[in-house]
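First the structure, in the form of structure tokens, and then the observations on it.
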Amino acid sequence: MTAGSWIRRMFEEGVVLKEQYGEENVFDLSLGNPIMEPPAEFRRELIRLAEDPIPGMHRYMENAGYVATRAVVAEYLSAESGITFTKDDIIMTCSAAGAINIVLKTLLNIGDEVIIFAPYFPEFINYIENHDGFARILRTDEQFIPRLNALESAIGPRTKAVLINSPNNPSGAVYKKDFFRSLGEILDEKGKEFGKTIFLINDEAYRKLTYDGIESPQVWSYYPHSIVIASYSKDLAIPGERIGYVAAHPELAEHDQLISGFIHCNRIMGFVNAPALMQHVVRSLQGVTVSTAEYQRKRDFLYDNLTDMGYSIFKPQGTFYLFPKSPMEDDVALVNELRQWRVLTVPGQSFGTPGYFRISYCTDDRTLEGSLNGFRKVAEKLKLS
Ligand SMILES: Cc1ncc(COP(=O)(O)O)c(C=O)c1O
């Protein structure tokens, strides 16, 4: 708990600082909690359902979720990918967190290895350990892209899955088609070498949040043993509502057995089913997203100002995070320096990557603008430019 809770710790510290100094004097860039309101279509759908309820819409349903919702998701994915999905490839879940957990519980036997890449979403380690798995951590390159030669030598007889996350939290990197192609080839070769299937899990929680006209490629055409984790939390700015899904490639090895496993785990892990109301709401919201132009504007504002001050930052193409190099060797010391100016960020070591720190810019402009003073003071103290 002590190791894993930096993000929450900073968030809680923010609450204390706000009480002490007033909300307007604290610049909390620690948590990835979208400030935007959901798109108008979301509210319209909520109102429509409240005013004209579907009989039985609050009852239990199949553990996999409503057939109608799964069918719509399948149709959407088919149109996007050119691969035919059906409702039997889709399980509605309590968002990405629930989805990853049901997939790992189904796949993992005690001691099975799941390969992940640093920097990673810290909960990945908890999720893997929840199901008696072992997280094997590999590094990414300077652009935060997984090193495929390292992956090739790391895959062994205990490797059950490779868990990636593109667009990536915390780096903002978006993996390209060539990367997925090579990754698929490696997993295929290694699977043959070890006489087993190595599953690819892509956490696409930020799939729609990409910038500069870049689209996040999907795994489907590059590797059949792929499982995608999808979430409406960030796309629609509704993380408190807990709605997402698992999509399995129609040609996934042991497809039917695994799908039954996912459904069973949705039930026995205590979720039972994804929230009923949200399943009704998202049915008609496939492809609807918050304004990515607004996030891009916020990214550019912080990126331009901070690089001018002398911070060294990889320009992210997705998500709503920046992951600059820490100008102090110790990233915790840097985060503490910024905190002196009531700017709250998260040290890179909580993402398995010391020497960096994470800034979350899914917040209001006042907070972003207000944070510049603290960033500038620290930059001056460290003589960054
Ligand atoms: C990479 C990643 N995966 C999963 C999640 C969990 O998202 P959800 O709200 O969809 O469970 C998050 C949340 O921040 C995340 O950053």
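Counting starts at 1 for both ligands and their atoms, following the listed order. Below, all heavy atoms of this structure are taken into account, side chains as well, without hydrogens, waters or symmetry copies. Numbers here simply count residues along the sequence, with the first being 1. Values in this document were obtained by computation on a predicted structure and should not be read as measured data.
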Considering only heavy atoms, does Glu123 approach ligand 1 within less than 4.0 Å through its side chain, its backbone, both, or neither? neither
Phe124-ligand 1 polar pair, N/O distance under 3.5 Å: no
Verify the cluster assignment for Ile91 and Ile100: are they in a single hydrophobic cluster under the rule of side-chain heavy atoms below 4.5 Å apart? yes
Given Phe144, which partner from the list Phe117, Tyr321, Tyr175, Tyr356 fulfils the ring pair (Phe, Tyr, Trp, His ring centres under 6.0 Å) test? Tyr356
Please confirm whether the ring centroid of Phe375 lies under 6.0 Å from the ring centroid of Trp341. no
Quick one: nearest non-hydrogen protein atom to atom 14 (O) of ligand 1, plus distance? Lys234 NZ, 2.8 Å
Within the 4.0 Å heavy-atom shell around Asn165, which atoms of ligand 1 are there? 1 (C)
Going by atom types only, do Asn273 and Asn266 share a side-chain donor-acceptor pair under 3.5 Å? no
Using side chain to side chain donor-acceptor pair (under 3.5 Å) as the criterion, point out the one residue from Lys315, Arg299, Gln317 that pairs with Asp212. Arg299
Should Cys94 be counted as touching ligand 1, given the test is an N or O pair under 3.5 Å? no
Among Ile, Leu, Val, Met, Phe, Trp and Tyr joined by side-chain contacts under 4.5 Å, find the other residues sharing a cluster with Met61 and list them by chain and number. Tyr66
Atom 12 (C) of ligand 1: the protein heavy-atom neighbour that sits closest, reported with distance to 0.1 Å: Phe121 CZ, 3.4 Å
With no hydrogens and no angle check, do the side chains of Asp88 and His255 hold a donor and an acceptor under 3.5 Å apart? no
Non-neighbouring partners of Asp178 that pass salt bridge (charged side-chain N to carboxylate O under 4.0 Å, His left out), sequence neighbours left out: Arg181
Under a 4.0 Å heavy-atom limit, does Tyr206 contact ligand 1 with its side chain, its backbone, both, or neither? side chain
For atom 2 (C) of ligand 1, the closest protein heavy atom turns out to be Asp203 OD2, 3.3 Å
Report yes if some N/O of Ser95 lies less than 3.5 Å from some N/O of ligand 1; otherwise report no. yes
Before we go on, tell me: are the rings of Tyr120 and Phe351 under 6.0 Å apart, centre to centre? no
Can you find an N or O of Ser231 that's nearer than 3.5 Å to an N or O of ligand 1? yes
Closest protein heavy atom (residue, atom, distance) for atom 7 (O) of ligand 1: Ala96 CB, 3.8 Å
Protein residue, atom and distance nearest to atom 11 (O) of ligand 1, heavy-atom basis: Arg242 NH2, 2.7 Å
Those atoms of ligand 1 less than 4.0 Å from some heavy atom in Asn169: 1 (C), 15 (C), 16 (O)
Logged contact type for Ser233 with ligand 1, heavy-atom cut-off 4.0 Å, is side chain
